[in-house]
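Written below as structure tokens is the structure these notes are about.
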2 protein chains.
Amino acid sequence: MTSPAVSSRALPHPERGEIRLEGILHALSDPMRLRIVRELAAVSDELSCSHFDLPVTKSTTTHHFRVLRESGVIRQIYRGTAKMNGLRRDDLDDLFPGLLDTLLDAAARQAVRVGSG
Amino acid sequence: MTSPAVSSRALPHPERGEIRLEGILHALSDPMRLRIVRELAAVSDELSCSHFDLPVTKSTTTHHFRVLRESGVIRQIYRGTAKMNGLRRDDLDDLFPGLLDTLLDAAARQAVRVGSG
DNA sequence: CGACTCGTACGATAGGCATCGTAGTACGTT
DNA sequence: AACGTACTACGATGCCTATCGTACGAGTCG
């Protein structure tokens, strides 16, 4: 009943120096992934994959999380059966100061404008 | 010899309210298009398509400019045989304050980091 | 008019990608 | 060990897209 430890299952992440702006922009150009990132930023904490209620199947959800991880936007670790997701704020803010917040602000403005957020 | 007038050939642009963040991010996630936008921002003026010396054919260049226009990132008008390209700074700054500059700064930082800009 | 430049249109091609469904693995609980 | 939950792996599918080449249209200049 104690909180599950980090599993040994490894998940490949790009190192800070390998993160590319084009990759980030591509990752966030998908509505589903932008939505995930906005939700992660809103709670500023780790969330399990199953926390998200996306209008796609679980396979597709897995795919989107992998794209986000491989582009360097999020960090993923296993805790028991759950896979926890968190923004790589430290790395992103170091590489591209202000980028993440500006993107989140832009997404929020658009959500207000189009009326879906 | 006077500067050529704006031609009657029409080019469809999205209106300000139709510009979508996802479209912008997708447009800029391509290295060739990001390069074009950086160059346009550097001169902060209109540039003809032929001014750019990209490592792709003219057909492909045409394609990239169209993607940038249809996503709302640039404005294009014909002046004689030349097609002039300019950033839609006013619209972008109004819709997403700070976004363009932050993206340009991020691109510049990466260029310095990887040594190609 | 004729020649030249700039850019477009269209078709082809090859690769990427968002999505699904099914079968399977890893882990925790009983 | 048996079961349930969380997520993955793999194959299929259909669409999107970056690229090219060739042929064409629009405009300018001689």
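Proteins get letters first, then strands, A, B, ... in listed order; numbering begins at 1 in each.
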Show every donor-acceptor pair shorter than 3.5 Å between a side-chain atom in residues 69-77 of chain A and any protein atom, with sequence neighbours excluded, or say none if there are none.
from  : atom 1 : to    : atom 2 : distance (Å)
A/R69 : NE     : A/Q76 : OE1    : 2.6
A/R69 : NH1    : A/P12 : O      : 2.8
A/S71 : OG     : A/V67 : O      : 3.1
A/S71 : OG     : A/L68 : O      : 3.1
A/R75 : NH2    : A/D91 : OD2    : 3.0
A/Q76 : NE2    : A/N85 : OD1    : 2.6

Ignoring backbone atoms, test whether [X] places a side-chain nitrogen or oxygen under 4.0 Å from the OP1 or OP2 oxygen of [N].
X	N	result
A/R66	D/dC7	no
A/R9	D/dC7	no
A/R33	C/dA18	yes

Tell me: [atom1] of [X] to [atom2] of [N], nearest whole Å?
X	N	atom1	atom2	result
B/E22	C/dA18	CD	C1'	15 Å
B/I74	C/dG7	CD1	C1'	14 Å
A/H26	D/dT17	NE2	C1'	11 Å
A/D30	D/dT17	CG	P	12 Å
B/L11	D/dA26	CG	P	13 Å
B/E70	D/dT17	CD	P	10 Å

Looking at [X] and [Y], what are the two nearest heavy atoms and their distance?
X	Y	result
B/M32	B/V56	CE-CG1, 3.9 Å
B/R113	A/R16	NH1-O, 4.4 Å
A/T102	B/L99	CG2-CA, 3.5 Å

*B/V67 has a side chain; which of D/dA18, D/dA6, C/dC6 sits nearest to it?*
D/dA18
*Can you figure out which of D/dC7, C/dG7, C/dT19 approaches the side chain of B/C49 most closely?*
C/dG7
*Contact residues, residues 51-65 of chain A to DNA chain D [heavy atom, < 4.0 Å]*: A/K58, A/S59, A/T62
_Quick one about B/S59 and B/T62 (side-chain donor to acceptor, distance below 3.5 Å, no hydrogens or angles considered), yes or no?_
no
*Give every residue pair that meets the ring-ring contact (aromatic ring centres under 6.0 Å, His included) criterion with at least one member in residues 10-40 of chain B, sequence neighbours excluded.*
none
